[in-house]
Amino acid sequence: MKRVQLNRVICLEFESEKKYENPFQDCVITAAFQGPSGRTVIREAYWDGGAKYCISFAPVETGVWNYKLSAPKDSGLHGIKGQIECIPYTGSLDIYKHGFIKVSSDGRYFTYADNTPFFWLGDTHWEFSYRERWDESNHPQMSSMFKGMIDKRVKQGYTVYQTNLRSDACMGGAKYYWDDAGLPNVEFYQKELDRRMYYLADQGMVNALGFAWFMSIENSLEKYKNLARYIIARYGALPVVWTIAGETGGYDKAKQDFYVDEWRKVALTVHEADSYHHPLTVHYTNERPFASYYQDEAWMDFTLNQAGHGDYVISADDYRDFLQKHGGRPFVEGEAFYEYCSTLEENGTRLCTDAMVRRAAYLSIQAGGCGYTYGAQGIWDVVWEKGQDNPMSLFNRFDVTWAEAIDAPGGEQMGYMRRFYEQLDFHELYPFQPGQEENGNPFGKKLPLITVTKDRKRWVFYYPQASRKSTDIKGFRSGLYTMQWFNPRTGEYEPDICTFEVSGDTWTIPMKPDMEDWCLVVKAKEQGG
């Protein structure tokens, strides 16, 4: 009996007695795995060249799993049975200790399978699958561009790699995934994509994976439904999240309904084919108000927003309005102000700084989000050296390379943010909106952004650089509190912890220490403490 650790992948190999003219379409093989509790996981086999078929499976509970194959009878594989013993996971990676991620019971955030809260901290690598170099690097501390970036992000505390196969003809990617005969290009998967997918998984990262960009669906619906099936079969037992397509609805309003409808069909294919039910969403277009074309559909598990790179103002009101209207699903800001990006602001292009990144990130969490995806220019557009031809130069007018971008300060600071919120049990914090109209404060938009627990015992205030006013906040409970400043630029708390008393329900919030951005943590003091 074969043995595998909990939540880890085992690949079962089978040889068909018959070679089919179209081995992908004409020989569909599935395996039903039944666990000790009776749970059943259905996995489709993927064709791996010749007459070889593989089934990728990760057991999600310990004990003996029984499996049985369903296949065309002339393959000689129909009815084959077997057993796999799942033993406890002995490593240190959270995604395997706690299990694949899912949506929390209240629909506000993600958890691991055992209900441990999961904070989404992503890094954007749209062209990870074939343009990021595996065997080369021009970064002095990295021998591999691909592996070096992952290793650094893992060390910094990232939990998600936000990627896309970029199987678009216009990007030159279509040839990698399908050969001229219309079959999966097995050699590419075996030699290139497998090692990339498994390296991410072996470092404990969740891969938030899309298949292409919006325009690629034109005259290609069946191709992308087939690609989805193949990717799920080959990699669906790894820690993944499905994001379907980049900027799914596109920006041509005359075509948006078409793109939305066609990619919906791909999403439904994923929803049906993925027996693990990994979280499913789309990467939205950049719009104001925020895009919402799939929000009421049952297959969509969470919102992956795109606030953009300065072509619109990023306002707390945009997040509040969206979440008030479309609550009940986790919300992740998935693309805003990539560091070192040349912004698209109407009043002129400027270099996106770590301060701009921090504001967008903390703003989205304080408004009710459960995670954030960082990005750095030079990485997502894969700039190897200065002066190279770059089709995305509109966003990289400052000619930043990947080796410069991976060391950008904002990348490190996002790890500080994750640790900050996890230590404060982020899943217990809710947005708090002061009654600005009632107190007549003319500087309402210059106030910090506030979250608080339901019992009003733990408060978090984020002061962006523009926040510079004090005001009275109603909603406190009488008693003693402590407050301490947290520096989001360094990831450290200031040493002084101040104690104060609130009488009644109102407290006058303090001015921040200086004109930079700060967080203030306020906690009710336990009696006798």
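No experiment lies behind these values; they were computed from the predicted model shown.
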All heavy atoms of Met392 vs all of Gln377, minimum pair found to be O-NE2, 4.5 Å

Anything under 30° is parallel, anything over 60° is perpendicular, the rest tilted; go ahead and classify Phe100 against Tyr276. perpendicular

When rounded to the nearest 0.5 Å, the distance separating CZ of Phe214 from NZ of Lys255 is 9.0 Å

Rounded to the nearest 0.5 Å, the CG atom of Asp261 sits from the CD1 atom of Ile217 at a distance of 11.0 Å

Flag if over 12 foreign heavy atoms under 6.0 Å of NZ, Lys457:
no

Exercise. Between Thr482 and Gln484, is any pair of side-chain heavy atoms under 4.5 Å apart?
Worked result: no

Between Ser129 and Leu165 the two heavy atoms that sit nearest each other are OG-O, 3.2 Å

Please check: side-chain N/O of Arg288 versus main-chain N/O of Ala307, any donor-acceptor pairing under 3.5 Å? yes

Residues at least two apart in sequence or cross-chain that pass salt bridge (charged side-chain N to carboxylate O under 4.0 Å, His left out) with Glu127, listed by chain then number, are Arg131, Arg166

| query | Can you tell if the side chain of Val270 reaches within under 4.5 Å of the side chain of Phe211, non-hydrogen atoms only? | reply | yes

Residues Gln5 and Cys86: closest non-hydrogen pair is C-SG, 4.1 Å

Residues at least two apart in sequence or cross-chain that pass ring-ring contact (aromatic ring centres under 6.0 Å, His included) with Tyr224, listed by chain then number, are Trp263

Please determine, by modelled atom types, if Thr163 and Asn207 share a side-chain donor-acceptor pair under 3.5 angstrom. yes

Can you confirm whether the side chains of His309 and Asn286 place a donor and an acceptor under 3.5 Å from each other? no

So, Thr159 side chain and Phe119 main chain: donor-acceptor pair closer than 3.5 Å or not?
yes

With sequence neighbours left out, the residues meeting salt bridge (charged side-chain N to carboxylate O under 4.0 Å, His left out) with Asp106 are Arg108

Checklist entry - Can you list the steps and then say if Lys523 with Leu424 is a side chain to side chain contact (heavy atoms under 4.5 Å, CB included)? => result CA-CA 10 Å; Lys523 297 179 181 180; Leu424 292 168; 4.0 Å; yes

Can you establish whether the number of heavy atoms outside Glu61 located under 6.0 Å from its atom CD is more than 12?
yes

**Item:** Short side-chain donor-acceptor distance under 3.5 Å, Lys102 and Asn115
**Value:** yes

Exercise for the section: Answer yes or no: is there a donor N or O on one side and an acceptor on the other, between the side chain of Thr62 and the main chain of Pro88, under 3.5 Å? Expected result: no

Taken in chain and number order and not counting sequence neighbours, the residues that satisfy ring-ring contact (aromatic ring centres under 6.0 Å, His included) with His326 are Phe322

Salt bridge (charged side-chain N to carboxylate O under 4.0 Å, His left out) filter on Asp354, not counting sequence neighbours, yields Arg358

| query | Taking atom types as modelled, is there a side-chain donor on Glu247 or Thr285 under 3.5 Å from an acceptor on the other? | reply | no

The reported gap from CD in Gln306 to OH in Tyr312 (rounded to nearest 0.5 angstrom) is 10.0 Å

Tell me, do Cys370 and Val332 make a side-chain contact under 4.5 Å, heavy atoms counted? yes

Quick one, Ile101 and Pro279 - any side-chain contact, counting heavy atoms below 4.5 Å? yes

Checklist entry - Going through the checks in order, is the side chain to side chain donor-acceptor pair (under 3.5 Å) test met by Glu516 and Gln465? => result CA-CA 5 Å; Glu516 298 297 330; Gln465 286 181 330; 3.1 Å; yes

Between the CD atom in Gln433 and the CG atom in Leu449, the distance rounded to the nearest 0.5 Å is 8.5 Å

His271 backbone acceptor or donor facing Asp274 side chain under 3.5 Å: no

Paired with Trp459, the ring-ring contact (aromatic ring centres under 6.0 Å, His included) test is passed by just one of Tyr481, Phe476, Trp507, namely Phe476

Could you check if a side-chain atom of Val241 sits within less than 4.5 angstrom of a side-chain atom of Asp301, using non-hydrogen atoms only?
no

Original post:
So, Gln295 side chain and Glu297 main chain: donor-acceptor pair closer than 3.5 Å or not?
Top reply: no

With side chain to side chain donor-acceptor pair (under 3.5 Å) as the criterion, how do Glu339 and Gln413 come out once you've worked through the C-alpha distance, each side chain's angles and the decisive distance to 0.1 Å?
CA-CA 12 Å; Glu339 194 165 10; Gln413 292 162 0; over 6 Å; no

- [ ] Answer whether the closest heavy-atom distance between the side chains of Phe420 and Val521 falls below 4.5 Å.
- [x] yes

Here the pair of heavy atoms bringing Pro510 nearest to Trp485 is CG-CZ2, 3.8 Å

- Take atom CD in Glu346; do more than 12 heavy atoms of anything else shown fall under 6.0 Å from it? no

Under 3.5 Å: donor-acceptor pair, side chain of Gln162, backbone of Ala208: no

- Task: Compute both the distance and the angle, then confirm whether Arg418 meets the cation-pi test with Trp120: under 6.0 Å from the six-membered ring centre, within 45 degrees of the axis.
- Result: no

*Where do Thr453 and Leu429 land on the side chain to side chain contact (heavy atoms under 4.5 Å, CB included) test, with the steps shown first?*
CA-CA 5 Å; Thr453 56; Leu429 295 169; 3.9 Å; yes

Exactly one candidate in Tyr319, Phe110, Phe302 meets ring-ring contact (aromatic ring centres under 6.0 Å, His included) with Phe331; the answer is Tyr319

Q.
Is any side-chain heavy atom of Arg196 closer than 4.5 Å to one of His125?
A. no

Worksheet item: Looking at side-chain heavy atoms only, is the closest gap between Ile244 and Arg264 below 4.5 Å?
Response: no

Donor-acceptor pair, Ser104 side chain versus Tyr109 backbone, under 3.5 Å? yes

Closest non-hydrogen contact found for Arg359 with Ile314 is NH2-O, 2.7 Å

Here the gap from Ile406 atom CD1 to Met149 atom CE, rounded to the nearest 0.5 Å, amounts to 6.0 Å

When rounded to the nearest 0.5 Å, the distance separating OH of Tyr161 from CD of Gln203 is 10.0 Å

- Does a salt bridge link Glu262 with Lys265, judged by any charged N lying under 4.0 Å from a carboxylate O? yes

Requested in this report: Using atom types as modelled and distance alone, determine if a side-chain donor or acceptor of Thr243 lies under 3.5 Å from a backbone N or O of Gly210.
Outcome: yes

The salt bridge (charged side-chain N to carboxylate O under 4.0 Å, His left out) partners of Asp151 (sequence neighbours excluded) come to none

- prompt: Counting only N and O atoms by type, is there a donor-acceptor contact under 3.5 Å from the side chain of Ser342 to the main-chain atoms of Phe395?
  reply: yes

Quiz item: Using the ring of each side chain (for Trp, its six-membered ring), is Tyr89 parallel, tilted or perpendicular to Tyr96, with breaks at 30° and 60°?
Solution: tilted

- Query: Would you find more than 12 non-hydrogen atoms of other residues, nucleotides or ligands less than 6.0 Å from Lys152 atom NZ?
  - Reply: yes

(request) Decide, yes or no, whether a salt bridge links Asp517 with Arg489 under the criterion of side-chain N to carboxylate O below 4.0 Å. (result) yes

- prompt: When you measure from the side chain of Thr124 to the backbone N and O of Tyr374, does any donor-acceptor pair fall under 3.5 Å?
  reply: yes

* **Parallel, tilted or perpendicular, as decided by the 30° and 60° cut-offs, for the rings of Tyr362 and Tyr421** => tilted

